[in-house]
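Step one of this worksheet: look at the structure below.
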There are 4 protein chains.
Amino acid sequence: MTGTLNKVMLIGHTGDDVKMHYFEGGNSIGRFPLATNEVYTNKATGQRVENTEWHNIVVRNKAAEICEKYLKKGDKVYIEGRLKTRKWTDDKGMERYTVEVQCTDFTFLTPPPGSGTSQGNASQGSSSQGNKQQETGSQNPGAARQQSPAKNDTFASNSMGNEDEDDLPF
Amino acid sequence: MTGTLNKVMLIGHTGDDVKMHYFEGGNSIGRFPLATNEVYTNKATGQRVENTEWHNIVVRNKAAEICEKYLKKGDKVYIEGRLKTRKWTDDKGMERYTVEVQCTDFTFLTPPPGSGTSQGNASQGSSSQGNKQQETGSQNPGAARQQSPAKNDTFASNSMGNEDEDDLPF
Amino acid sequence: MTGTLNKVMLIGHTGDDVKMHYFEGGNSIGRFPLATNEVYTNKATGQRVENTEWHNIVVRNKAAEICEKYLKKGDKVYIEGRLKTRKWTDDKGMERYTVEVQCTDFTFLTPPPGSGTSQGNASQGSSSQGNKQQETGSQNPGAARQQSPAKNDTFASNSMGNEDEDDLPF
Amino acid sequence: MTGTLNKVMLIGHTGDDVKMHYFEGGNSIGRFPLATNEVYTNKATGQRVENTEWHNIVVRNKAAEICEKYLKKGDKVYIEGRLKTRKWTDDKGMERYTVEVQCTDFTFLTPPPGSGTSQGNASQGSSSQGNKQQETGSQNPGAARQQSPAKNDTFASNSMGNEDEDDLPF
DNA sequence: TTTT
DNA sequence: TTTT
């Protein structure tokens, strides 16, 4: 029985690169931590408080590969997904629970190096800032990266039977 | 180029039944109005104000057929979608614009007649309340209706390459 | 540093009544579990799978009191909030983590008993279904309950400096 | 009576600076257009299609002033709000309707000039890119800008009776 | 135009 | 009308 909604929407910075795990049969998942922040002033003490919240993001298959390829540690990203609690057993045999965000959609918010937008760190030698190596060639990796959300939109549209859209990320 | 988000989430009551439009080639769309309300007290006058906002919902293909079949005037529903402005020309030749919510996901919140839940209007003769005729048979239409969100979730999951889910609404 | 978003939106059924905790100084919090469901068919096995996800909802102060008063076990509710991981120590001195949804907005989706809507379980003796005792009087508790979302909208509006709205839940 | 939800969430680029309008009594509103994009490939024609959707954003009072001060044409921003249709009469006396997004929360996604983040266009002479004049002083305007979402979160928290948070944007 |  |  449903009639329910389970939705998470996050904008944050990745705390690490995407760690991939490949299954037999061709499926794969990627995991990475995402940080969101809140700032407020404690009224009682007048003190400024800054909190970081960490979220465990899980992406699957094609989406995981796109994230693995284009998301690097520190990037800003929009993540949409579902909350899911995963049960596991620690080394002492104790049952433990981890809450994960099963990603269903995402949009990169850090412009790719070399994109030259007013938002980008484009101008010069951004690869020196620790960006992951991006493949070069006729297709601008920044543009490719920028298109990934379109892909997600596309897939989501297909989910409602929209016909005139494609199946491919790029 | 994207990196953008265009999302609408509504919970409201339908103001009319779903009006279907079938295209050659097999595609179809359904349209219906959705009402949301807000209540507040005008601070200056102390007067209680109640506002109704009307939204133009557009659903496509399989989703449209499900809505047409199970959503009746007055039902409560959760709608997720994208904002889209459609341009048209009125009978005086003037350009006009209509903002629509292109539905990408939905969940029925009015329990189907006969569902017998604590939330439902189940107990007796609810068809006398003007509910649309529901097909009868071994499958409970209420349950079918309840599953439609699952279908949407399923489709959305597939959009990210999730393998172990199905393609069918029911 | 922010520029981040941490948002959860849930529609589900409460798994228990709201448990209140009052602090010295007048603050209070309420907690309750919320269930969301997903249904899909495992493609490999063809088996129908139904999953229930449980969420720990935390509400504060006035909102907690409203929930405590009008939300009963089994009710359907829309919850909006933030994800927050709370650290605690179990009886063996081990550090444990619990993810909670810190509620910032909510809307009751189960009509109050006696509301007599097509959606309600109004017709007869619904109190026998274990509904909490609602105070009686000139004001319909069902209406009061329905208004709580308006209150939240109102508060949210004020957060942006909207002047012509009120401060009170009802 | 409510029990409804009216929520819009957008990430897009502003198409113009914020236009302020001040009312007697001290209230004010700001308006600006926001663009979101979608990209897909038309399956029938194989053609890549790019659509831009324009949204009319309306912000009020303190939030309007913050946007007016820190948001410049072309900036990327997250906007949360409510859909509202405004009726007006055109110069021919015809009734017209405009759909607006009444902003209730926002987060700047374009780093301020001089922020020096890997995402920023910081390095050199960004004011030549048409950035609005930012006040200088001991407080980094970029940081101030970054804090505005915190302020919104704060206000939203207060809406639920959260006590230990402040009232001030910065 | 219309829902609760 | 306009952003990337």
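Letters A, B, ... mirror the listed sequences (proteins, then strands); counts begin at 1. Bear in mind the structure is a predicted one, so any value in this text is a computation, not a measurement. No hydrogens, no waters, no symmetry mates; every other heavy atom, side chains included, goes into these values.
Contact of B:Thr14 with E:dT3 (side chain to base): no donor-acceptor pair of N or O atoms is detected under 3.5 Å.
In this structure, the OH atom of B:Tyr78 is 20 Å from the C1' atom of E:dT4, given to the nearest Å. B:Asn6 has its CG atom 18 Å from the P atom of F:dT4, to the nearest Å. In this entry the distance linking NZ of D:Lys73 with P of F:dT3 reads 5 Å, nearest Å. Computed from coordinates, the D:Ile57 CD1 to F:dT3 C1' distance equals 12 Å when rounded to whole Å. Whole-Å rounding puts the D:Glu95 CD to E:dT1 P distance at 8 Å. Whole-Å rounding puts the B:Glu38 CD to E:dT3 P distance at 19 Å. Summarising the geometry, the separation between CZ on D:Phe32 and P on F:dT3 is reported as 15 Å, rounded to the nearest angstrom. Put simply, CD1 on B:Ile11 is 17 Å from P on E:dT4, counting in whole angstrom units.
Sorted by first and then second residue, the salt bridge (charged side-chain N to carboxylate O under 4.0 Å, His left out) pairs with a member in residues 3-15 of chain D read C:Glu80-D:Lys7, D:Lys7-D:Glu80; sequence neighbours excluded.
The line from CD of B:Glu65 to OH of B:Tyr70 is 11.5 Å long, rounded to the nearest 0.5 Å.
When each of B:Arg82, B:Lys87, B:Arg86 is paired with B:Glu100, the salt bridge (charged side-chain N to carboxylate O under 4.0 Å, His left out) condition holds for B:Arg86 and for no other.
Heavy atoms of D:Thr36 sit nowhere under 4.0 angstrom from any nucleic acid atom.
When side chains are defined from C-beta on, C:Ile66 counts as touching C:Phe106, because their heavy atoms get closer than 4.5 Å.
Ranking F:dT4, E:dT3, F:dT2 by closeness to the D:Pro33 side chain, first place goes to F:dT2. Listed nucleotides E:dT4, F:dT3, E:dT2 differ in distance to B:Trp54; the shortest reach to its side chain belongs to E:dT2.
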